[in-house]
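Contents: one structure, followed by commentary.
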Amino acid sequence: MRIFAANWKLHKNPKETRAFFADFKKIFSLNSGDQVVIFPQAICLESAVECTSGTSIGVGIQNVYFEPKGAFTGENSAQSAKDVGVQWVLIGHSERRTLFGEVDHSLAKKVSHVQSLGIHPMLCIGETLDQREKGETNHILRHQLVQGLSLAEKTKPLAIAYEPVWAIGTGRVATADQVRETHLEVRKILTELGFSSATPILYGGSVKKDNAKELILIPHVNGFLVGGASLEPQSFWDICNA
Ligand code: PGA
């Protein structure tokens, strides 16, 4: 399965969400086996689910808590997200890790909680520029995978998004060689940990129409997680269509 995912971050209100889908549905058509998933901010999920009903476009939430309910002010419940029609959950995006202090052991609980509800976690991993320059990339990715997947069930749905932190929102995309080497390494680690060779590994970080064509042909690149270039229907569709 190839997955083309749009991470809208804190962009688009419900009205803008509906306007996006009105246009996107006019141009969208998908090969069987491919999946498009949109991650809007939580307050737009119901609009997104409504707009995509009857289509194969999936909707995901950008973060959840690992408990289904309780005294956790400000958090989002994965069960409630599922109840409104969400099928995917982004876990451990680098902005969550760096700006909101998310750590591997709580991400592991989130992956496990989301899997237990029968919806799909997408665990994000990636090294900083400093770590890459020091030659620590593989070590960091291994650590993030071992920790983040420590409570995951091998037989349940799972996707990984590899996003070098230095390529997110910077316009600086990893080279084809860097992506080839790193995706192969991520696949090796997943296999060592006992996860299926069908587990999709997405690439993310300044993906645009112009680089999508080259990147999607690289072995073990099973789709993209797209930020900036996913906000405009035609620009996102050009990437899905690459
Ligand atoms: P970008 O964001 O495509 O704007 O680099 C990717 C992401 O943060 O998932």
Side-chain angles (χ1 to χ4, degrees), residues 2-12 16-17 20 24 35-42 44-45 48 57-64 76 86-102 107 110-111 114 120-132 137 140-141 144-145 148 158-176 178-179 182-183 186 200-216 218 220-242:
R2 293 191 308 180
I3 303 169
F4 300 96
N7 174 13
W8 284 355
K9 311 189 180 191
L10 203 50
H11 297 289
K12 292 195 193 291
E16 291 160 343
T17 297
F20 174 94
F24 190 68
Q35 169 79 63
V36 166
V37 187
I38 311 280
F39 291 90
Q41 60 160 319
C44 298
L45 287 170
I57 305 168
V59 174
I61 182 167
Q62 296 173 12
N63 176 42
V64 293
N76 291 308
V86 163
Q87 304 113 322
W88 289 84
V89 182
L90 213 53
I91 296 176
H93 186 276
S94 81
E95 286 149 21
R96 299 292 321 165
R97 293 176 190 255
T98 55
L99 301 173
F100 303 101
E102 293 221 30
L107 302 179
K110 292 182 181 194
V111 171
V114 167
H120 299 65
M122 184 182 291
L123 178 69
C124 302
I125 57 170
E127 81 287 1
T128 62
L129 187 57
D130 186 48
Q131 290 163 339
R132 178 161 283 270
T137 301
I140 293 294
L141 298 179
Q144 290 175 341
L145 286 168
L158 171 72
I160 303 296
Y162 166 60
E163 300 198 298
V165 177
W166 47 273
I168 296 177
T170 58
R172 182 171 169 184
V173 71
T175 65
Q178 287 171 326
V179 174
T182 315
H183 275 246
V186 171
I201 307 170
L202 284 67
Y203 172 77
S206 296
V207 176
K208 308 266 180 302
K209 170 185 160 185
D210 300 340
N211 53 31
K213 269 200 176 67
E214 183 185 16
L215 295 174
I216 199 66
I218 296 173
H220 309 295
V221 172
N222 310 118
F224 297 126
L225 180 57
V226 188
S230 72
L231 293 170
E232 201 269 307
Q234 187 65 52
S235 146
F236 183 51
W237 176 241
D238 288 341
I239 292 171
C240 303
N241 216 9

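Whatever order the structure lists ligands and atoms in, that order sets their numbers, starting from 1. We're numbering straight along the sequence, starting at 1.
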Original post:
Considering distance alone, does some N or O of Gly227 sit under 3.5 Å from an N or O of ligand 1?
Top reply: yes
Original post:
Just how far is it from atom OG of Ser230 to atom CD1 of Ile38, taken to the nearest 0.5 Å?
Top reply: 6.5 Å
Original post:
What is the closest protein heavy atom to atom 7 (C) of ligand 1, and at what distance does it sit?
Top reply: Glu163 OE2, 3.1 Å
**OP:** Output the list of atoms in ligand 1 that are nearer than 4.0 Å to some heavy atom of His93, sorted by atom number.
**Re:** 7 (C), 8 (O), 9 (O)
**OP:** Answer with yes or no whether Ala229 contacts ligand 1, where contact means a heavy atom under 4.0 Å from a ligand atom.
**Re:** no
**OP:** Would you mind telling me if ligand 1 is within reach of the side chain of Ile168, the backbone, both or neither, using heavy atoms under 4.0 Å?
**Re:** both
Original post:
Between Pro121 and Val114, what is the shortest heavy-atom contact and its length?
Top reply: N-CG1, 3.6 Å
**OP:** Please check if atom NZ in Lys209 has more than 12 non-hydrogen atoms from other residues, nucleotides or ligands closer than 6.0 Å.
**Re:** no
Original post:
Does some side-chain heavy atom of Glu127 sit less than 4.5 Å from a side-chain heavy atom of Trp166?
Top reply: yes
**OP:** Please report the shortest heavy-atom distance between Gln178 and Thr182, naming the atom on each side.
**Re:** O-OG1, 2.6 Å
**OP:** Check if Cys124 has a non-hydrogen atom at a distance under 4.0 Å from any atom of ligand 1.
**Re:** no
Original post:
Just distances here: any N/O of Val226 and N/O of ligand 1 closer than 3.5 Å?
Top reply: no
Original post:
Would one find more than 12 heavy atoms of other residues, nucleotides or ligands at under 6.0 Å from atom CD of Glu214?
Top reply: no
**OP:** Give the single entry among Gly169, Ser94, Gly171 that approaches atom 5 (O) of ligand 1 most closely by any heavy atom.
**Re:** Gly169
Original post:
What is the minimum heavy-atom distance between Leu45 and Gly60, and which atoms define it?
Top reply: CD2-O, 3.4 Å
**OP:** Check ligand 1 against Lys9 and write out every atom of the ligand that is under 4.0 Å from a heavy-atom position of the residue.
**Re:** 2 (O), 7 (C), 8 (O)
Original post:
Numbering the atoms of ligand 1 from 1, which are under 4.0 Å from a heavy atom of Gly205?
Top reply: 5 (O)
Original post:
Just which atoms of ligand 1 are under 4.0 Å from any heavy atom in Ala167?
Top reply: 5 (O)
Original post:
Taking the inter-plane angle between the rings of Tyr203 and Phe224 on a 0 to 90° scale, is it parallel (under 30°), tilted (30 to 60°) or perpendicular (over 60°)?
Top reply: perpendicular
Subject >> Heavy-atom nearest neighbour in the protein, as seen from atom 4 (O) of ligand 1, with distance rounded to 0.1 Å >> reply: Gly228 N, 2.9 Å
**OP:** With heavy atoms of Leu225 as the reference, note each atom of ligand 1 found under 4.0 Å away.
**Re:** 9 (O)
**OP:** Ignoring angles and geometry beyond distance, decide whether Thr170 reaches within less than 3.5 Å of ligand 1 through its nitrogen or oxygen atoms.
**Re:** no
Subject >> Among Leu215, Ile201, Leu202, side-chain contact (heavy atoms from CB on, under 4.5 Å) partner for His183 >> reply: Ile201
Subject >> Nearest heavy atoms of Leu107 and Glu102, plus distance in Å >> reply: CD2-OE1, 3.0 Å
Original post:
Short list, please: which atoms of ligand 1 are under 4.0 Å from a heavy atom of Ser206?
Top reply: 1 (P), 3 (O), 5 (O)
